[in-house]
Amino acid sequence: MNYRFDKDRFDSMSKDALARVEEIMNTTRLNELLHKKEEEEKQKTCILWVLAIIGAVAAVALIAYGVYRFFTPDYLEDFEDDFDDDFDDDFFEEEEEDKEEEKK
């Protein structure tokens, strides 16, 4: 009977040891998964920060360009307006001169 008692005791100890080993293995697997997720999150946040910085720089550049275009006078437009006005005046003056010559 003493032999059987030792066998039961050994079986219960081995079951406890196996349960502890399985628990340790599951814990390490969980830790590995958590670390992988943390690394993925770090990469995602890094990419997110880079994109945010690029977006901020692009927004500032767009605002600066808009302000520049708003405050810079358009010299070409003024030149075209002056040219059109002079041309139209000359054209009408020539017609009037032609009519006056015909009348004489």
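- Between the NZ atom in K44 and the NZ atom in K37 there is a gap of 10.0 Å [rounded to 0.5 Å].
- With L51 as reference, I47 is the one residue of I47, L48, I53 to meet the side-chain contact (heavy atoms from CB on, under 4.5 Å) rule.
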Side-chain donor-acceptor distances from residues 27-35 under 3.5 Å, at least two apart:
unit_1: T27; atom_1: OG1; unit_2: E23; atom_2: O; d: 2.7
unit_1: T28; atom_1: OG1; unit_2: I24; atom_2: O; d: 3.3
unit_1: T28; atom_1: OG1; unit_2: M25; atom_2: O; d: 2.7
unit_1: N31; atom_1: ND2; unit_2: T27; atom_2: O; d: 3.4

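- Clustering of Ile, Leu, Val, Met, Phe, Trp and Tyr side chains at separations under 4.5 Å leaves W49 isolated, with no partner residue.
- Atom CD in E39 sits 7.0 Å away from atom CD in Q43 (nearest 0.5 Å).
- V67 and F70 fall within a single hydrophobic cluster, where Ile, Leu, Val, Met, Phe, Trp and Tyr are joined by side-chain heavy atoms under 4.5 Å apart, directly or via other members.
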